[in-house]
Structures are given as structure tokens and as C-alpha cells.
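As C-alpha cells, the structure follows; a few thoughts come after it.
Starting from 1, each residue takes its place in the sequence as its number. All ligand and atom numbering here is 1-based and tracks the order in the structure. When reading the values below, keep in mind they use all heavy atoms of this one structure, side chains included, and skip hydrogens, waters and symmetry mates. Just so it is clear, the model here is predicted, and its values are computed rather than measured.
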Amino acid sequence: MDIKIENILALLPSSEEDRAFTPSNTDIYIKGRDIAAIGDAPEGFTPAKIIDGHGKLLIPGLINCHTHSYMAFMRNVADDLSFDEWLFGRISKIEDNMTDEDAYWGAMLAIAEMIKSGTTCFNDMQMNIFMTTKAVKESGMRAVISRGLVGSGDDEAGLNRLEQAYRERDAFKDCDRLSFFLGPHAPYTCDEAYLKKIAAEAKREHMGIHMHLSESRNEIENCRNTYGCSPIELARRTGLFDSHFIAAHCVQIDEDDMDILKKYNVNVVTNPASNMKLGNGFAPVPEMMKKGINVCLGTDGAASNNSLNMIHEMSLAALIHKGTHLSPLSVSAEDTLKMATINGAKALMLDDITGSIEVGKRADLAILDLKQPSMQPVNNPVAALSYSANGSEVDTVIINGEPVMEGRKLLTIDEDLIYSENEKIRRRICQ
Ligand code: NI
């Protein structure tokens with residue numbers, strides 16, 4: 001659809017070295033799926049739709065770089081428990097009873113929540129192939145999907161999961177909003193031989209890798225006991241870092257780990273809410289940024305957060321490191337917005353098409369209502385996003401040039417149906 005967004009305050013990329021965003025009052029022209037022009041209209045442009053941007057803020061759509069969307073129906077089922085009790089005592093048991101259809105409705109609920117808080121792209125690790133992908137395709141979302149891989153050596157189940165990952169990738173190759181990574185789950189659910197196998201497969205298939213790494217102290221201790229090294233070193237020596245790599249968490253890492261991450265251009269997703277909620281600690285985000293590691297932001301699943309709201313996550317990322325480092329300079333509001341947009345796009349190998357408001361990129365955009373008490377007066381819109389907004393200010397969302405929400409009404413998703421289906425799942429397997 002050809003759309004003109006008129007007279008809007010837009011966070012455009014800055015040409016100045018000392019800042020990343022320039023707030024500018026401008027017009028945006030969307031032709032098909034792309035941003036065709038900023039400022040002056042392209043020749044012969046006749047919009048099918050005009051959005052009045054007066055009193056609104058246009059931001060690049062947010063990118064949630066680590067989540068498990070199917071888990072949305074597990075929101076608030078397992079709280080204030082130890083990690084082992086949470087995962088093995090509660091979550092795994094619900095997952096054992098979960099059907100493919102449950103995963104689909106969970107993913108739909110997650111997508112509704114993400115769109116309503118300004119997210120236009122997410123990086124998912126899932127177990128039920130064809131379910132999250134179907135939800136992404138139907139909802140108009142953009143996503144990178146990894147089939148979670150667990151296994152040991154050359155066992156058949158592990159190899160089957162790899163085959164499933166390829167089958168799903170091939171089945172959705174015509175959807176330009178979907179791309180696929182391989183998803184070895186974690187060093188404690190994949191043994192070294194299986195990790196080596198995945199590393200070789202990723203190289204052969206030219207696929208990126210998405211994995212949980214160095215999340216908890218227990219994981220580090222077990223890895224050192226089993227392999228005599230840290231999870232980061234294990235990933236390096238199995239060859240996983242020879243492919244494009246996105247590591248979720250990296251909470252319990254040391255200087256040597258960080259040097260490896262930098263050397264191999266590993267992208268790190270920090271998930272502050274999940275890490276705090278499960279008692280895993282604080283990722284050394286300021287230290288990683290100082291080393292030049294690409295740090296991006298994620299919510300993790302709704303069972304460990306329990307929110308998929310990236311604006312809430314940005315607030316945490318901008319605040320917690322100031323507290324833990326006793327320094328208000330550790331992570332700025334601007335750093336946080338970069339993590340949630342362009343850094344995420346780089347991590348997902350999508351920075352040529354999304355992550356910033358630039359001509360030629362896809363129109364993946366969120367429009368916030370500035371006429372809300374939380375956003376007034378408009379002194380600094382970048383600071384407002386991290387420190388003042390709560391997500392409910394998001395009014396309109398466009399993905400791949402198509403409006404998916406207007407006036408907070410979802411256009412591609414039947415909200416009531418999603419709520420009733422998730423309620424049925426809750427009653428059946430979450431009680
Ligand atoms: Ni996770």
C-alpha cells in the first residue's frame with residue numbers, strides 16, 4: 001500500500017558522530033513495502049492512505065532479539081521459583097502436554113503483545129515447526145525462526161530436529177518476512193559432538209546460529225566440570241562461532257569470554273528482565289559495549305519475563321547498569337534504543353532492510369501518541385522511550401509497508417479469539 005505519513009516527529013539516523021538519532025519533523029513516503037522518500041515526495045506519488053502525524057512520534061520498529069513466542073500462554077504460571085524448579089518442575093511438564101495448535105495460539109498471543117508495544121521483528125527459538133511460522137505469516141509480522149535443537153552425538157532425535165529445521169525453512173522460502181537460523185538450545189542440552197555437527201551444518205547451509213550461552217552460574221560450573229572450559233570457549237572450539245552467531249544472555253562471562261566474543265564478531269542479546277527474574281544476575285553490558293561487541297535486546301519468553309514489551313525491556317536495560325556500576329553514564333537511553341533497533345537488525349543479518357528509518361529499507365515502523373501524560377512535554381523523545389513510555393503509547397504499527405495496527409486496533413489478528421483460545425489452553429494444561 002502507498003502511504004504518506006504527514007508532519008511527524010521522526011527519529012532518523014544521525015549523520016553526527018556523537019549521536020545515533022536525529023529527531024526531525026518530516027513527511028515519510030511508503031511505496032509498496034519500502035520507505036521511498038523522506039521529506040520531499042517521490043515523483044508521481046499518489047498515496048492510497050495518509051496518516052496524520054501531528055502530535056505523534058515515528059520510530060524504527062523495535063526488534064526483540066530473543067524470545068520463545070509459543071510460551072505466551074505460560075505467562076504467570078511459574079514465578080518465584082529456583083531455575084531448576086521453574087524449568088524442570090513446571091515449564092518442561094507443561095511443554096510435554098502442549099500440542100502444535102497450542103504453540104500456534106501462544107505465538108499469536110505473543111505477536112499481538114509485541115505489535116501493541118511497537119515490535120515489528122522478533123528472533124524466536126521454538127519447538128513445534130510450522131506453528132510460529134504460520135502465526136508470523138498470517139499476522140504480517142517479521143521474524144527469524146530457529147528450531148530449538150537438543151541432542152547428543154549422532155542420535156536420531158537430534159538429527160531429526162535438524163531435518164525439521166530445514167523442512168520448515170524450505171516450506172516458507174516464499175515469505176519475505178521470514179528467515180531461519182539453526183538453534184542449538186544450550187551447552188547443557190546439546191553435547192559437544194552434536195554442537196560440532198550443528199557447526200558443520202550451519203557452515204554448509206550458510207545459516208546463522210541462535211543459542212543460549214552463559215546464562216547461569218550453574219551452567220558455567222557444569223560446563224567447566226564436563227568440558228574443562230566456559231560455555232563461550234566450548235562454542236568456539238566446536239566451530240559454532242565460525243558462522244554468524246547470536247548468543248542469548250552472556251550473563252556469567254569473564255574477560256577471556258568477552259575477548260572471544262569480540263574476536264568472532266558474536267552478537268549478544270541481553271535479556272535483563274529474565275536474567276533478574278530467574279536470579280541469574282546482570283550481563284556485563286557496558287563492558288561488552290566498550291569492547292565493541294554488538295549488543296542487542298530481547299525479552300526472552302513470557303514464562304520468564306513475564307512480558308514481551310520491548311519498551312519495558314529498554315527501560316530496564318537503561319537503568320539497571322547505572323545501578324550495578326554506580327554510574328549514570330554506563331548505558332544511555334540512546335544506547336538502549338540502538339540495541340532495540342539497528343543492533344538487533346545487524347544481529348539478525350537484516351540491517352540492509354530494517355532497524356532504521358532510511359530510504360530503501362522496508363517500512364517497519366511504530367507510531368507513538370505523544371499526547372499522553374507520560375510523553376509530555378516533548379523535551380527529548382529518545383529519553384522518553386527508555387525512561388517515560390510504557391508501550392501503551394504505541395498507536396500505529398506498519399510492517400513491510402502494511403499497517404498491522406491503527407488506533408491500537410490490530411488489523412491482522414482477532415484479539416478476542418486469541419484470548420479465548422489461550423484461556424482454553426491455560427485451563428487444560430497450565431493449572
Ligand atoms: Ni530463552
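Between E287 and K291 no salt bridge is recorded (no basic side-chain N to carboxylate O distance below 4.0 Å). Between K116 and E113 no salt bridge is recorded (no basic side-chain N to carboxylate O distance below 4.0 Å). Salt bridge status for R236 with E233: present, with a side-chain N to carboxylate O gap under 4.0 Å.
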Hey, mind stepping through L62 and S117 against side-chain contact (heavy atoms from CB on, under 4.5 Å) and telling me if it holds? CA-CA 9 Å; L62 304 175; S117 44; over 6 Å; no
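Below the 2.8 Å limit, the Ni ion (ligand 1) has as protein N, O or S neighbours H66 NE2, H68 NE2, H212 NE2, D300 OD1.
Put simply, OG on S304 and CZ on F83 are 8.5 Å apart, with the number rounded to the nearest 0.5 Å. Note that the CG atom of D351 and the NZ atom of K361 stand 6.0 Å from one another [nearest 0.5 Å].
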